[in-house]
Every structure is written in structure tokens, then in C-alpha cells.
Amino acid sequence: MQVAEVNTAISIEESANMIAGALSSSTNGLNTLATDVTNCSFKLYKNSVGCGAIISDSISRQSAPGSATTFNFTSKIVSTVNCNTNNQYQSVSSAAAFKGQYYGLKLSSQGNGSANTTVTGLGDAAPAFIVNGQLKNMCGFKMNADTTRKGTISINIGLTNLTIAKSTATVPATITAGTATASVTGNSPKGAFLFEGKLTFNGFNDATLVISKETYTINLATGAVAKR
């Protein structure tokens, strides 16, 4: 089956909405997962008994009553302390697995995924966590405006220097910078499709997605997508 970036199966904007679903807090995406991973990493770093120490955390989360987008997810995060050649703490690597579903205004999705990350900037003197790694979602999808537009997708997001400002007593942790590659591969009754793009995280819950020569703004809190 031919795979192309331009076909009748899925539009460019629909692929952008799929990527937004993998990113936003409203769908328990990267904006939430990255905070979970860094919190688990920091807890292990602060309380670790030595190099190679491991901690496992399980998290269940669902949307607040009355939310425009509803979700229900469970995840497990296993974190490991990494040391340098002098046996000094250097970073924490994490393997996360999650499953669940979300129902949004434009898109509904159900499936599972994984993330493999390395977190640095864990010392008290560092103002931010730095996350590098890979996020993968494998799920079924349905476009709510036309339920014949459905199928399966794999979303891959490769993170480079995702910067998360540490929380304070009055300000929650938030993504402030970083870049990522993003791809959506899928199959539907109307054909196979592949879209590839680049993400830039701008801070203030804002990300820019350039995909198939089109540019979109993604709100990392709500998942809203707007074409520039």
C-alpha cells in the first residue's frame, strides 16, 4: 500500500491535531507526562541510595468533571540513577508505559504508548530539568466530524533538550524550551498516510509545529491547533 504525505485519508491539519493529542495536558499528553517523569526522577535523585538505584511509580489520572476533552489514563514509570565514571550522580533515565483514551471535540483516540527519557539538571543549583528521549503512541483514532475517517496511528516524538522550569511555591513546573521531531504514520479505510514535522517549544504552553510545509500553533494546555 502506498504511503504519502498528501492524500484523502487524513489532512495535514488533522495530522496536526493528532500530534496535539500526544502533547497537551487536556489529553494527558507530553505536557503532563514530562512533569510526571521529572518529578519521579527528582524524587529518586534526592532519595537515592546509590548508583543504579531504581524506583517504580504508578499514576492514574482522569479529566475533571465538565471538561471539554475527557480522558482516563494509567501509567507506570520506572526510573534509574545513572552515575559518571567517578560514581557521582549524573542523570536519571526513565521508562514509562501508559494506556488509556481521550474524547475531544475533533478527535477521539484509544491505545497505549511508551516513553524512554533521560533527565539532567537534577541538582538544586540547576533552574530547570532537561529531558531528552522518545515518546511513542500506538492507538486507534476517529475523527468526530466524520466517523468514517478512522483507523490506527503511530505517533513518534523525539525530544531534544526539552527544558522544564522547576516549580516553586507559587508557579508550577512548565515547559519553557526545546525541540522535537514528530511523525504520524497510520492506516484507515481511505488509505495509508505518513506526516513528518518539527516542533519548537516556546514556553507559556505554546509550541510551533511545521509539518508538510504548513505551520501550526499548538496550545499545550488545551490541545487547540491554529494554522499560521
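The chain is numbered in sequence order, starting from 1. Owing to the predicted nature of the structure, the values given are computational and were not obtained by experimental measurement.
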Keeping [X] on the side-chain end and [Y] on the backbone end, is there a donor-acceptor pair under 3.5 Å?
X      : Y      : value
Asn219 : Ala224 : no
Asp146 : Thr148 : yes
Asn87  : Cys83  : no
Ser109 : Gly140 : yes
Asn47  : Lys43  : yes
Ser26  : Thr222 : yes
Tyr45  : Tyr89  : no

Which atoms form the tightest heavy-atom contact between [X] and [Y], and what is the distance?
X      : Y      : value
Cys40  : Ile77  : SG-CD1, 4.1 Å
Ala207 : Leu220 : CB-CD2, 4.0 Å
Ser79  : Leu44  : O-CD2, 3.4 Å
Val81  : Ser48  : CG2-OG, 3.5 Å
Thr27  : Gly21  : OG1-O, 2.7 Å
Ala182 : Ile19  : CB-CD1, 3.9 Å

Side-chain donor-acceptor pairs under 3.5 Å in residues 58-75, sequence neighbours left out?
| residue | atom | partner | partner atom | Å |
| --- | --- | --- | --- | --- |
| Arg61 | NH1 | Asn28 | OD1 | 3.4 |
| Arg61 | NH1 | Asp36 | OD2 | 2.9 |
| Arg61 | NH2 | Asp36 | OD1 | 3.1 |
| Gln62 | OE1 | Asn72 | ND2 | 3.4 |
| Ser63 | OG | Phe71 | N | 3.0 |
| Ser67 | OG | Ala64 | N | 3.4 |
| Ser67 | OG | Ala64 | O | 2.7 |

Beyond-backbone contact of [X] with [Y], side-chain heavy atoms, under 4.5 angstrom:
X      : Y      : answer
Phe195 : Ile10  : yes
Arg149 : Lys142 : no
Phe204 : Thr174 : no
Val92  : Ser94  : yes
Lys76  : Ser56  : yes
Thr215 : Leu209 : no
Thr181 : Ile157 : no

Just how far is it from atom [atom1] of [X] to atom [atom2] of [Y], taken to the nearest 0.5 Å?
X      : Y      : atom1 : atom2 : value
Asn161 : Asn132 : CG    : CG    : 4.5 Å
Phe193 : Asn187 : CZ    : CG    : 7.0 Å
Thr185 : Ile155 : OG1   : CD1   : 9.5 Å
Glu196 : Asn156 : CD    : CG    : 9.5 Å
Ser25  : Leu33  : OG    : CG    : 10.5 Å
Met138 : Lys136 : CE    : NZ    : 7.5 Å

Do [X] and [Y] have side-chain N/O donor and acceptor atoms under 3.5 Å apart?
X      : Y      : result
Ser24  : Asn31  : no
Asn144 : Ser108 : yes
Ser154 : Asn137 : no

[X]-[Y] co-clustered via ILVMFWY side chain contacts under 4.5 Å:
X      : Y      : result
Leu135 : Ile130 : no
Tyr103 : Phe141 : no
Met18  : Val225 : yes

Is there a side chain to side chain contact (heavy atoms under 4.5 Å, CB included) between Leu30 and Phe201 once you walk through the steps? CA-CA 12 Å; Leu30 174 69; Phe201 297 95; 4.0 Å; yes
Enumerate, atom names and distances included, each donor-acceptor pair closer than 3.5 Å involving a side-chain atom of residues 115-127, sequence neighbours excluded.
| residue | atom | partner | partner atom | Å |
| --- | --- | --- | --- | --- |
| Asp124 | OD1 | Lys46 | NZ | 3.3 |
| Asp124 | OD2 | Lys46 | NZ | 3.2 |

Do the charged groups of Lys106 and Glu14 touch, with an N to O distance under 4.0 Å?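 So Lys106 does not pair with Glu14 through a salt bridge.
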Tell me whether Lys166 forms a cation-pi arrangement with Phe129, defined as NZ or CZ under 6.0 Å from the six-membered ring centre and within 45 degrees of its axis.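 Yes, a cation-pi geometry.
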Test side chain to side chain contact (heavy atoms under 4.5 Å, CB included) applied to Glu214 - qualifying residues, sequence neighbours left out: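 Counting only residues at least two positions away or on another chain, Glu214 forms a side chain to side chain contact (heavy atoms under 4.5 Å, CB included) with Ile12, Tyr216, Lys227.
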